[in-house]
*Asks:* 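A single structure is presented below for examination.
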There are 2 protein chains.
Amino acid sequence: MAQSRRPTLADVASRVGVSAKTVSRVLNEDGPVSDATRAKVLAAVDELGFRPNLMARNMRVGARDSTVALVVPEMGNPFFGTVAGGVEDVVRDRGLTLLMGSSAEDEQSELSLITAFLARRISGLLVVPATGAHHRYLRRERDGGLPVVFLDRPAAGLAADAVVSENEEGARAGVAHLIAHGHRRVAFVGDRPATLYTRKMRQRGYRAALSAAGIPYDPTLVASAHDPYTAGVAVRRLLDSPSPPTAVFCGNNFASLGVVPALAEAGRRDVALVCFDDLPLAAVLEPGLTVVAQDPAAIGRAAAERVLARLGGDRSAARTVMVPVRVIERGSGELAPPD
Amino acid sequence: MAQSRRPTLADVASRVGVSAKTVSRVLNEDGPVSDATRAKVLAAVDELGFRPNLMARNMRVGARDSTVALVVPEMGNPFFGTVAGGVEDVVRDRGLTLLMGSSAEDEQSELSLITAFLARRISGLLVVPATGAHHRYLRRERDGGLPVVFLDRPAAGLAADAVVSENEEGARAGVAHLIAHGHRRVAFVGDRPATLYTRKMRQRGYRAALSAAGIPYDPTLVASAHDPYTAGVAVRRLLDSPSPPTAVFCGNNFASLGVVPALAEAGRRDVALVCFDDLPLAAVLEPGLTVVAQDPAAIGRAAAERVLARLGGDRSAARTVMVPVRVIERGSGELAPPD
DNA sequence: TTGTATGCGTTATCAA
DNA sequence: TTGATAACGCATACAA
């Protein structure tokens with residue numbers, strides 16, 4: 001209850017009757033200390049509940065804080081949770097602590113979050129950029145030796161390392177898969193906003209697959225949604241149109257959570273479906289859900305490794321790492337169109 | 001490329017030709033500064049790319065860092081991601097930054113993570129305890145005025161605020177729901193290890209429901225699993241036993257991801273199922289999955305509000321907040337047993 | 001084996 | 001409206 005001031009090195013020192021430096025030596029195992037004093041110091045540390053103040057230490061040492069920060073747009077999206085898990089696996093082995101914060105997909109929040117991290121002198125920065133955010137202001141940090149790596153989406157206005165999924169090729173493969181099963185009218189339900197990097201790349205893959213098959217691009221077959229509800233509405237509208245699609249390619253996980261129920265409720269088991277991003281229970285649906293699966297943990301690991309490489313002195317040009325995706329056939333993508 | 005030392009207040013000051021204190025005044029909007037100097041200072045700050053060093057500031061001011069830390073056992077579990085989102089919604093409004101780290105369900109990792117946070121003088125600590133961890137060592141921090149709140153599971157060895165789901169009552173209601181539909185042999189697939197708080201509470205609810213219906217407790221109907229694979233094996237074994245259950249109550253989300261596919265693959269649509277924790281796509285399954293849904297965002301919000309209350313001077317006794325759960329009927333829990 | 005003086009980057013205090 | 005000085009908690013350099 002005392003709510004008293006936290007004990008400092010000096011408090012411990014005076015209690016034992018030694019100098020602050022001696023206490024410091026004991027705690028950092030730096031320099032020689034007699035066993036007797038060591039024991040007394042440790043006892044006092046324990047009694048007082050002394051905890052070294054890392055802020056003071058880092059300041060004096062001039063080192064960066066031993067943390068790596070990760071900024072994601074949505075805490076609740078399991079995709080980013082898994083990415084974070086991958087990052088942590090790698091940095092933990094190097095004695096670094098991962099700190100994570102959410103920008104809530106808001107440019108301003110992202111800026112203030114990153115500012116907060118920079119003010120704490122982190123050792124590395126990993127960012128999944130919020131929609132519309134630019135990162136020119138990080139140039140100085142990067143040039144000053146701070147490893148800055150972008151995930152899932154590249155930076156805007158900054159040449160920096162990035163780790164992204166094979167969005168275009170994955171979408172192309174998924175759509176080509178539908179076409180190979182006979183579909184010529186394939187709808188695309190993309191993420192929103194349409195300017196989102198992953199949305200653009202996947203739509204590009206969609207168009208590439210169409211074009212390779214000699215199918216003209218029909219903008220009326222394209223819709224946008226980030227949340228399940230909007231996606232459900234969109235897919236219903238597509239199916240009710242005068243010349244409806246016989247297959248749907250869904251461009252992100254939250255949209256899939258709306259498209260799948262919408263098809264089920266409409267009783268449209270005849271509509272073929274391929275989704276970008278794997279989902280839990282996808283295999284249990286009837287038919288099973290064919291997906292283009294990303295590997296979020298691998299994205300996190302690769303990004304963390306870029307940070308460590310930069311921290312280790314790698315001064316090579318910024319590079320973009322592409323993490324492979326793979327098509328998992330489960331049934332919904334192998335349905336033939338009606339005759 | 002210069003890799004030069006970061007600019008400090010003094011650098012900015014000397015460039016403008018004023019004292020460091022004046023720059024400090026401008027940046028903190030503290031004390032009077034002429035518009036002319038203010039403009040010059042801000043220009044210099046911008047040119048030099050100066051960023052205040054929060055470590056130094058906090059040290060001097062003696063205040064805690066304006067961050068709240070959250071420790072979770074698994075980054076990849078969407079349950080905790082959603083909890084984190086709830087926490088962030090609340091603390092952000094108060095100008096606090098949420099930092100999140102994972103203990104990987106390991107006692108040692110949790111300790112070192114919390115130590116790292118404490119060493120950075122955070123303003124509040126939220127912990128989902130790792131299995132087997134104790135928290136006696138946090139007593140001093142709490143007594144020293146640091147708000148410490150536990151989520152999802154209570155602390156061991158420390159009287160502290162906690163926010164948990166209505167585990168026992170929720171499980172009781174879920175199992176009673178199955179019994180009400182005619183089942184007398186109801187299996188329980190609980191989390192692992194069996195000593196886990198949520199596992200124990202839910203199993204207690206299971207037993208309460210049985211006992212209220214006059215059904216004897218049969219340990220051969222109880223299994224444990226945290227991961228989907230183990231859960232699938234367990235449920236198959238249960239169904240293949242000499243006197244199999246006609247219904248299953250599944251005690252956590254990852255286990256559900258194994259139980260649901262196992263039943264589907266075995267073609268056992270006759271087995272009734274209720275799961276603790278809602279899942280994406282649960283409504284799309286056939287039959288739809290009846291669940292006891294938790295409200296992870298509400299847990300996060302409630303916990304953050306406890307922290308803010310303590311930060312605001314609330315010195316009342318530690319309390320445990322129970323967040324309600326609710327049964328969502330979708331079909332799988334309303335199946336009648338075979339005659 | 002131990003202690004003293006000094007400085008990290010910032011702000012509080014007091015004076016100008 | 002501005003500046004000089006000291007201090008926050010700790011570690012470095014050097015001396016004892």
Side-chain angles (χ1 to χ4, degrees), chain A residues 4-42 44-45 48-66 115-116 118-123 141 144, chain B residues 4-42 44-45 48-66 115-116 118-123 141 144:
Chain A
S4 54
R5 196 178 54 83
R6 294 195 69 91
T8 71
L9 262 196
D11 296 328
V12 177
S14 75
R15 179 172 244 263
V16 179
V18 297
S19 77
K21 179 60 211 177
T22 300
V23 179
S24 170
R25 272 197 267 261
V26 172
L27 264 37
N28 297 305
E29 296 177 350
D30 162 49
V33 181
S34 78
D35 287 351
T37 42
R38 176 194 312 283
K40 279 191 290 183
V41 165
L42 290 176
V45 163
L48 264 48
F50 169 76
R51 286 183 187 283
N53 185 331
L54 251 196
M55 296 191 293
R57 178 181 211 286
N58 285 332
M59 206 172 65
R60 174 65 241 234
V61 174
R64 316 199 82 106
D65 193 19
S66 61
T115 303
L118 294 177
R120 289 176 179 81
R121 300 299 187 258
I122 52 173
S123 287
E141 314 295 333
Chain B
S4 55
R5 194 178 55 82
R6 295 194 68 92
T8 71
L9 263 194
D11 295 327
V12 178
S14 76
R15 178 173 244 262
V16 180
V18 296
S19 77
K21 179 62 207 182
T22 299
V23 179
S24 169
R25 274 197 264 261
V26 171
L27 265 37
N28 296 305
E29 295 176 352
D30 163 49
V33 182
S34 77
D35 287 351
T37 42
R38 177 194 312 282
K40 279 192 290 185
V41 165
L42 290 176
V45 163
L48 263 47
F50 169 76
R51 286 182 187 283
N53 186 330
L54 252 195
M55 296 192 293
R57 174 177 216 286
N58 286 332
M59 203 174 70
R60 175 62 243 225
V61 174
R64 317 199 81 105
D65 193 18
S66 61
T115 303
L118 294 177
R120 289 176 178 79
R121 300 299 186 255
I122 53 173
S123 287
E141 314 295 333

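Side-chain atoms are counted along with the backbone in the values below, which use heavy atoms only and exclude waters and symmetry mates. Note on naming: letters A, B, ... go to the chains in the order of the sequence lines (proteins, then strands), and numbering restarts at 1 for each one.
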*Asks:* Can you check whether A:Leu9 reaches A:Leu27 side chain to side chain, under 4.5 Å on heavy atoms?
*Replies:* yes
*Asks:* side-chain hydrogen bond (donor to acceptor under 3.5 Å, both in side chains) with B:Arg25: which residues, sequence neighbours excluded?
*Replies:* none
*Asks:* Both B:Met59 and B:Ser19 contact DNA chain D. Taking the nearest nucleotide for each, which residue is further toward the 5' end?
*Replies:* B:Ser19
*Asks:* Let me know, please, whether B:Val33 or B:Val61 comes out on the 5' side of the other along DNA chain D by nearest nucleotide.
*Replies:* B:Val33
*Asks:* If you take all heavy atoms of A:Ser66 and A:Ser123, which pair is closest and at what distance?
*Replies:* CA-OG, 4.1 Å
*Asks:* Heavy atoms under 4.0 Å, any strand shown: does A:Leu9 hit a base, just sugar-phosphate, or nothing?
*Replies:* sugar-phosphate
*Asks:* Kindly list each side-chain donor-acceptor pair under 3.5 angstrom involving residues 51-62 of chain A, sequence neighbours excluded, with atom names and distances?
*Replies:*
from    : atom 1 : to       : atom 2 : distance (Å)
A:Arg51 : NE     : B:Glu141 : OE2    : 2.3
A:Arg51 : NH2    : B:Glu141 : OE2    : 3.4
A:Asn53 : OD1    : A:Met55  : N      : 2.9
A:Asn53 : OD1    : A:Ala56  : N      : 3.3
A:Asn58 : ND2    : A:Leu54  : O      : 3.2
A:Asn58 : ND2    : A:Asp65  : OD1    : 3.0

*Asks:* State, with a plain yes or no, whether a side-chain heavy atom of A:Thr37 is found less than 4.5 Å away from one of A:Val26.
*Replies:* no
*Asks:* Just by modelled atom types, is the B:Ile122 backbone N or O under 3.5 Å from a matching donor or acceptor in the B:Arg64 side chain?
*Replies:* yes
*Asks:* Can you give me the bend angle of the helix from C:dT1-D:dA16 to C:dA16-D:dT1? Use the axis through the first five pairs and the one through the last five, nearest 10 degrees.
*Replies:* 40°
*Asks:* Run A:Lys21 and A:Asp30 through side chain to side chain contact (heavy atoms under 4.5 Å, CB included) and show every step you take.
*Replies:* CA-CA 10 Å; A:Lys21 179 60 211 177; A:Asp30 162 49; 3.7 Å; yes
*Asks:* Considering all heavy atoms of both residues, which atom of B:Ala13 and which atom of B:Ala20 are nearest to each other, and what is their separation?
*Replies:* CB-N, 3.6 Å
*Asks:* Just the endpoints, please: which first and last nucleotides of DNA chain C, 5' to 3', lie under 4.0 Å from a heavy atom of chain B?
*Replies:* C:dG9 to C:dA12
*Asks:* Rounded to whole Å, please give me the gap between CZ in A:Arg6 and P in D:dG9.
*Replies:* 11 Å
*Asks:* Working to the nearest 0.5 angstrom, can you tell me the gap between A:Thr115 OG1 and A:Arg120 CZ?
*Replies:* 10.5 Å
*Asks:* Taking C-beta and beyond as the side chain, do B:Val12 and B:Arg15 meet within less than 4.5 Å on heavy atoms?
*Replies:* no
*Asks:* Tell me, which of residues 50-58 of chain A have any heavy atom that sits under 4.0 Å from an atom in DNA chain D?
*Replies:* A:Phe50, A:Pro52, A:Asn53, A:Ala56, A:Arg57
*Asks:* Is there side-chain contact between B:Asp11 and B:Thr8, with at least one heavy-atom pair below 4.5 Å?
*Replies:* yes
*Asks:* Are any protein N/O atoms closer than 3.5 Å to N/O atoms in nucleotides 14-16 of chain D? If there are, list each pair with its distance.
*Replies:*
none

*Asks:* Specify the separation, in whole Å, of atom CG of B:Asp30 and atom C1' of D:dT2.
*Replies:* 13 Å
